[in-house]
Chemist: 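I have a structure here, written as structure tokens, and I will follow up with some questions on it.
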Amino acid sequence: MGLNEWLALIGALGGLEAIKWIANFYVNRKTNARKEDAAADAAENENERKQVAWLEERIAQRDAKIDTIYVELRQEQAEKLQLIHDKHELELRLKESEIKKCDVRGCSSRQPPSDY
């Protein structure tokens, strides 16, 4: 194939624009590859940023849930401590009433055996 045949083939396929495109592709192939790599890197970075944002939101939700669970736990602990306090107070009253109990039945001046 001679030069005329190549030019005729290129002219049939797209003419001057095809020649410009081939020359541009050959000259800028490294630049275009770098642009494609940069675009791919930017897409990956954006995807990672979205994933990090989603994970941070999820962690914030779990922290809020843990905080509510801790509030409930503290309330339950406070209730149990109050019950223990009340129980001990009743036990002290029972001991005090046992100490002040009069051993003599039917006496009109019920004196407890202690010095109260």
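In this chain, residues are counted from 1 in sequence order.
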Chemist: What's the separation between atom NZ in Lys50 and atom CG in Leu55, rounded to the nearest 0.5 Å?
Modeler: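 That separation rounds to 14.5 Å.
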Chemist: What's the separation between atom CG in Leu90 and atom NE2 in His88, rounded to the nearest 0.5 Å?
Modeler: 11.0 Å
Chemist: Which residue pairs pass the salt bridge (charged side-chain N to carboxylate O under 4.0 Å, His left out) test with at least one member in residues 58-73, sequence neighbours excluded?
Modeler: none
Chemist: Decide if atom CD of Glu46 counts as having more than 12 heavy atoms of other residues, nucleotides or ligands within a radius under 6.0 Å.
Modeler: yes
Chemist: Mind checking whether Arg74 and Val71 have side chains closer than 4.5 Å, heavy atoms only?
Modeler: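 The answer is no, as the side chains (C-beta and beyond) never meet within the 4.5 Å cut-off.
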Chemist: Take Asn47 and Glu44 through the side-chain contact (heavy atoms from CB on, under 4.5 Å) test and state the conclusion after the steps.
Modeler: CA-CA 5 Å; Asn47 189 21; Glu44 287 177 6; 5.6 Å; no
Chemist: Does anything in residues 78-91 form a salt bridge (charged side-chain N to carboxylate O under 4.0 Å, His left out)? List the pairs, not counting sequence neighbours.
Modeler: Lys87-Glu91, Glu89-Arg93
Chemist: Through direct or indirect side-chain contacts below 4.5 angstrom among Ile, Leu, Val, Met, Phe, Trp and Tyr, which residues connect to Tyr70?
Modeler: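 Via sub-4.5 Å side-chain contacts, Tyr70 links to Ile66, Leu73.
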